[in-house]
Number of protein chains: 2
Amino acid sequence: MPIKKKERAVCEVSCDHPETVSLAKKELIPARQAQQAAELFKALGDATRVKMLRALAKRELCVCDISAVIKMSQSAVSHQLRVLRGARLVKYRKEGKRAWYSINDRHVAALLLQGIEHVRHA
Amino acid sequence: MPIKKKERAVCEVSCDHPETVSLAKKELIPARQAQQAAELFKALGDATRVKMLRALAKRELCVCDISAVIKMSQSAVSHQLRVLRGARLVKYRKEGKRAWYSINDRHVAALLLQGIEHVRHA
DNA sequence: ACTACATATGAGTAGCTGTTCACATATTGC
DNA sequence: GCAATATGTGAACAGCTACTCATATGTAGT
């Protein structure tokens, strides 16, 4: 067996505080929940989508209105709406050629607003 | 002037509802605020960071404890802590070799919890 | 000074994101 | 059916993210 130049420090084994760590492990959020929460926040984590959601929180808008309001191409808006639909942040209804979007529920609006308020006072 | 095969549909010009759009434009969130809110949500938008924050919301932990609790390399944890520091989601203090991290304030904890609760009942 | 340890960081990299462009789909009026 | 319109979507692509690995920094003990 060759002599290693320097044994790598394995912090994971040597340094933890057993009781604190096992307590924290026990109370750790389940991976699935963490993943879902992360996906929710990720969907909120883009300036374009924040603008869209903020506008949709106030009134129902069709795709081309959104496009005009936030000054982005219809295609870009459509792609982003797909993300928002996937995260269940918006709902929509079809009316002839038009698709009318609005924010899904007040919990979503509240979460969004809380984030915005947080950065406003920071 | 050559004849174009098909004039591109310019939805931005043809389809908007002037009053609704100008109202929505007036009430549109400022770009800077949208950007900052997006950055806040983006920092929350990763399962690893959600796990870390959830643990840090309950108790102060040093880096290697976090590493043990969420079962990730110390290096990965350090990199993620940098992101969290950058977004002001955590605070820390040095104590000898150790760095003790905890969640920055109750607003951050509330926002995190609200996101988690939202996916739990969804 | 030297070693061990706890943490931070730069480089490298595979995978992901957000846009544009071109086109597909669906609805309406002729 | 055909043309115009509103929306949706796949491909391509530049830029970003979140790891790993190696190494740097800083601290404590000998």
Side-chain angles (χ1 to χ4, degrees), chain A residues 4-17 21 34-35 38-39 41-52 60-68 70-87 90 92-101, chain B residues 3-17 21 34-35 38-39 41-53 60-68 70-87 90 92-101:
Chain A
K4 288 167 191 164
K5 278 193 172 165
K6 206 182 205 180
E7 202 65 48
R8 295 208 64 235
V10 184
C11 173
E12 291 87 332
V13 170
S14 64
C15 116
D16 46 358
H17 309 92
V21 168
Q35 188 57 47
E39 268 155 33
F41 288 124
K42 201 175 296 183
L44 291 165
D46 176 82
T48 300
R49 290 194 292 270
V50 167
K51 284 185 209 167
M52 291 170 61
E60 194 184 40
L61 291 169
C62 75
V63 177
C64 67
D65 288 345
I66 301 171
S67 172
I70 69 168
K71 297 195 186 73
M72 299 214 69
S73 74
Q74 173 269 317
S75 179
V77 168
S78 243
H79 279 297
Q80 296 294 26
L81 283 170
R82 179 139 87 143
V83 175
L84 294 176
R85 283 200 313 268
V90 296
Y92 79 116
R93 62 189 178 86
K94 270 281 208 176
E95 188 185 276
K97 293 184 252 190
R98 295 253 159 74
W100 293 92
Y101 283 83
Chain B
I3 297 153
K4 288 168 191 164
K5 279 194 174 165
K6 207 183 205 178
E7 202 64 49
R8 297 209 60 236
V10 184
C11 173
E12 292 87 332
V13 172
S14 64
C15 118
D16 45 357
H17 309 93
V21 168
Q35 187 56 47
E39 270 156 31
F41 287 125
K42 201 175 295 183
L44 291 165
D46 175 85
T48 300
R49 290 195 292 271
V50 168
K51 285 185 209 168
M52 290 170 62
L53 280 173
E60 192 183 43
L61 292 169
C62 74
V63 177
C64 66
D65 288 345
I66 301 171
S67 171
I70 68 168
K71 297 195 185 74
M72 299 214 69
S73 74
Q74 173 270 316
S75 180
V77 169
S78 244
H79 278 296
Q80 296 294 27
L81 283 169
R82 179 141 87 142
V83 175
L84 294 176
R85 283 199 314 267
V90 296
Y92 80 118
R93 63 190 178 85
K94 271 280 211 177
E95 186 186 274
K97 294 183 252 190
R98 295 254 159 73
W100 293 93
Y101 282 83

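Naming convention: chains lettered A, B, ... in sequence-line order (proteins, then strands); numbering from 1 in each chain.
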Is [Y] close to [X] at the side-chain level, that is, under 4.5 Å between some pair of heavy atoms?
X       : Y       : value
A:Tyr92 : A:Val63 : no
A:His17 : B:Cys62 : yes
A:Arg98 : A:Lys94 : no

Would you say the base of [N] and the side-chain of [X] have a donor-acceptor pair closer than 3.5 Å?
X       : N      : value
B:His79 : C:dT7  : no
A:Gln74 : D:dA6  : no
B:Ser73 : D:dC21 : no
A:Ser75 : D:dT9  : yes
B:Thr48 : D:dC19 : no

With a cut-off of less than 4.0 Å, is there a side-chain N or O of [X] near OP1 or OP2 of [N]?
X        : N      : result
A:Arg82  : C:dT19 : no
A:Arg49  : C:dG18 : yes
A:Tyr101 : D:dG8  : yes

> Excluding sequence neighbours, so at least two apart, what forms ring pair (Phe, Tyr, Trp, His ring centres under 6.0 Å) with B:Phe41?
Replying inline: none
>> Side chain of B:Met72 only, heavy atoms from C-beta on: which candidate in D:dT7, C:dT7, D:dC19 is closest?
In response: D:dC19
>> Quick check for you: among D:dG8, C:dG10, C:dG18, whose closest atom lies nearest to any side-chain atom of A:Leu81?
In response: D:dG8
Rounding to a whole Å, what distance do you find between [X]:[atom1] and [N]:[atom2]?
X        : N      : atom1 : atom2 : result
B:Arg93  : C:dT7  : CZ    : C1'   : 15 Å
A:Leu84  : C:dG18 : CG    : C1'   : 13 Å
A:Ile70  : C:dG18 : CD1   : P     : 13 Å
A:Lys71  : C:dG18 : NZ    : P     : 21 Å
B:Asp46  : D:dA18 : CG    : P     : 5 Å
B:Lys42  : D:dT17 : NZ    : C1'   : 10 Å
A:Trp100 : D:dA6  : CH2   : C1'   : 12 Å
A:Tyr92  : D:dT7  : OH    : P     : 12 Å

> Between A:Tyr101 and A:Arg93, do the side chains contain an N or O donor and an N or O acceptor separated by less than 3.5 Å?
Replying inline: no
>> Quick one: does any side-chain atom of B:Arg49 pair with a main-chain N or O of B:Lys42 as donor and acceptor, under 3.5 Å?
In response: yes
> When all nucleic acid strands are considered with a 4.0 Å heavy-atom cut-off, which category describes A:Ala76: base, sugar-phosphate, or nothing?
Replying inline: base
>> So, using side-chain contact (heavy atoms from CB on, under 4.5 Å) as the criterion, who are the partners of B:Ser75 when residues are at least two apart?
In response: B:Ser73, B:His79
> Base, backbone or nothing for each nucleotide of nucleotides 24-30 of chain D, written B, S, -, heavy atoms under 4.0 angstrom, 5' to 3'?
Replying inline: --BBS--
>> Quick check on side-chain contact (heavy atoms from CB on, under 4.5 Å): which of B:Ile66, B:Val83, B:Leu61, B:Asp46 does B:Met52 satisfy it with?
In response: B:Ile66
